[in-house]
2 protein chains.
Amino acid sequence: MGRKKVEIKRIGDKNSRQVTFSKRRKGLLKKAKELSILCDADVAVVVFSNRGRLYDFYSTNRFLIKSLHIVRSFF
Amino acid sequence: MGRKKVEIKRIGDKNSRQVTFSKRRKGLLKKAKELSILCDADVAVVVFSNRGRLYDFYSTNRFLIKSLHIVRSFF
DNA sequence: AGGTCTATGTATAAAGA
DNA sequence: TTCTTTATACATAGACC
């Protein structure tokens, strides 16, 4: 999805890896939200950067999702 | 991303909603896996269909992700 | 670390099997 | 429901701020 086809393996260059992380993380959370709205489904996404920062999305009220959210709140 | 632009709101037609759920759910899990590999990040995705079926992905070993996985195992 | 640009790869809507 | 096919919308790689 860009100027060049990308092989799915760990990106060696630290800076590129960080840039890609930022872009794709945003894309993943967006798509999770879209899925939950379009299809009336419960969705949770949790992303942990290797520097320990946490990014997440929880769609709603289903018990499992709530439980995950509660677990997440301990961190 | 298809023949027609789609508004992000609940899909009314039950069959279309199911078809879209199947496609996008698969796409979301794929992208979660790609993100975890490319960027060496921990990722968890949990999707619950409104008919109660569960689909999920957990990248790896980080404690939070493990915890989420443990919670998930109770369901 | 985040935003813009834009060429190009990818995901997916709709239809049909 | 699940797989194909095809056209099109969307995400994003790389370059530059």
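Letters go in sequence order (proteins before strands), and every chain restarts at 1. A quick note: this is a predicted structure, and the numbers were derived from the prediction, not measured.
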Exercise for the section: Would you please name every residue forming a side-chain contact (heavy atoms from CB on, under 4.5 Å) with A:Lys33, sequence neighbours left out? Expected result: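 Expected list: A:Ile37, A:Phe57.
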Exercise for the section: Please list, chain by chain and in numerical order, all residues satisfying side-chain contact (heavy atoms from CB on, under 4.5 Å) with A:Arg3, sequence neighbours excluded. Expected result: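 Listed in chain order: nothing, the list is empty.
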Handout entry: Interatomic distance, B:Tyr55 atom OH to B:Ser22 atom OG [nearest 0.5 angstrom]
Key =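 Between atom OH of B:Tyr55 and atom OG of B:Ser22 there are 7.5 Å.
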Problem - Distance in Å, A:Ile11 CD1 paired with B:Asp40 CG, rounded so as to fall on 0.5 Å steps - result: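 Reported value, rounded in 0.5 Å steps: 10.5 Å.
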Problem - Residues clustered with A:Met1, ILVMFWY side-chain links under 4.5 angstrom - result: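 None, because no other hydrophobic side chain comes under 4.5 Å of this residue.
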Problem - Under the salt bridge (Lys or Arg N to Asp or Glu O under 4.0 Å) test, residues paired with B:Arg53 that sit two or more places apart - result: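 Expected list: none.
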Practice task
Identify, with sequence neighbours excluded, every residue that meets salt bridge (Lys or Arg N to Asp or Glu O under 4.0 Å) alongside B:Lys9.
Solution key: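 Salt bridge (Lys or Arg N to Asp or Glu O under 4.0 Å) list for B:Lys9, sorted by chain: B:Glu7.
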Practice task
Would you grab the first and last nucleotide of DNA chain C (5' to 3') that comes under 4.0 Å of any non-hydrogen atom in chain A?
Solution key: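 Result: C:dA1 to C:dT12.
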Handout entry: Residue whose nearest DNA chain C nucleotide is more 5′ - B:Lys4 or A:Gly2
Key =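 Here A:Gly2 is the residue nearer the 5' end.
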Problem - Nearest-nucleotide comparison on DNA chain C, the residue closer to the 5′ end among A:Arg53 and A:Leu38 - result: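 Its nucleotide being nearer the 5' end, the pick is A:Arg53.
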Exercise for the section: With a 4.0 Å heavy-atom cut-off, tell me which residues in residues 5-30 of chain B come close to DNA chain C, sorted by residue number. Expected result: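 Hits under 4.0 Å, by residue number: B:Val6, B:Thr20, B:Lys23, B:Arg24, B:Gly27, B:Lys30.
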Handout entry: Axis-to-axis angle between the two ends of the helix from C:dG2-D:dC17 to C:dA17-D:dT2 (five base pairs per end, rounded to 10 degrees)
Key =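 Computed from the C1' atoms at both ends, the axes differ by 50°.
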Exercise for the section: Heavy atoms of chain A, cut-off under 4.0 Å: which first and last nucleotide of DNA chain D, 5' to 3', fall inside that, if you could look? Expected result: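 Here the contact window of chain A covers D:dA11 to D:dG14.
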Practice task
Indicate yes or no: at least one non-hydrogen side-chain atom of A:Val6 is less than 4.5 angstrom from one of A:Thr20.
Solution key: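 No, side chains not in contact.
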Handout entry: side chain to side chain donor-acceptor pair (under 3.5 Å) partners for B:Ser16, two or more places apart
Key =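 With sequence neighbours excluded, B:Ser16 shows a side chain to side chain donor-acceptor pair (under 3.5 Å) to B:Asp13, given in chain and number order.
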Exercise for the section: Name all residues meeting the side chain to side chain donor-acceptor pair (under 3.5 Å) criterion together with A:Glu34; count only those two or more places apart in sequence or in a different chain, and write none if there are none. Expected result: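 So A:Glu34 forms a side chain to side chain donor-acceptor pair (under 3.5 Å) with B:Arg24.
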Handout entry: Exercise: identify the closest heavy-atom pair between B:Leu35 and A:Leu28
Key =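 Answer, listing the atom of B:Leu35 first, then A:Leu28: CD2-CD2, 4.0 Å.
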Exercise for the section: Would you sort out whether A:Val46 and A:Tyr58 count as a side-chain contact (heavy atoms from CB on, under 4.5 Å), showing the intermediate values? Expected result: CA-CA 9 Å; A:Val46 180; A:Tyr58 302 86; 3.4 Å; yes
Handout entry: B:Arg17 side chain vs A:Leu38 backbone, donor-acceptor pair below 3.5 Å
Key =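 No, the answer is negative, given that no donor and acceptor are paired below the 3.5 Å cut-off.
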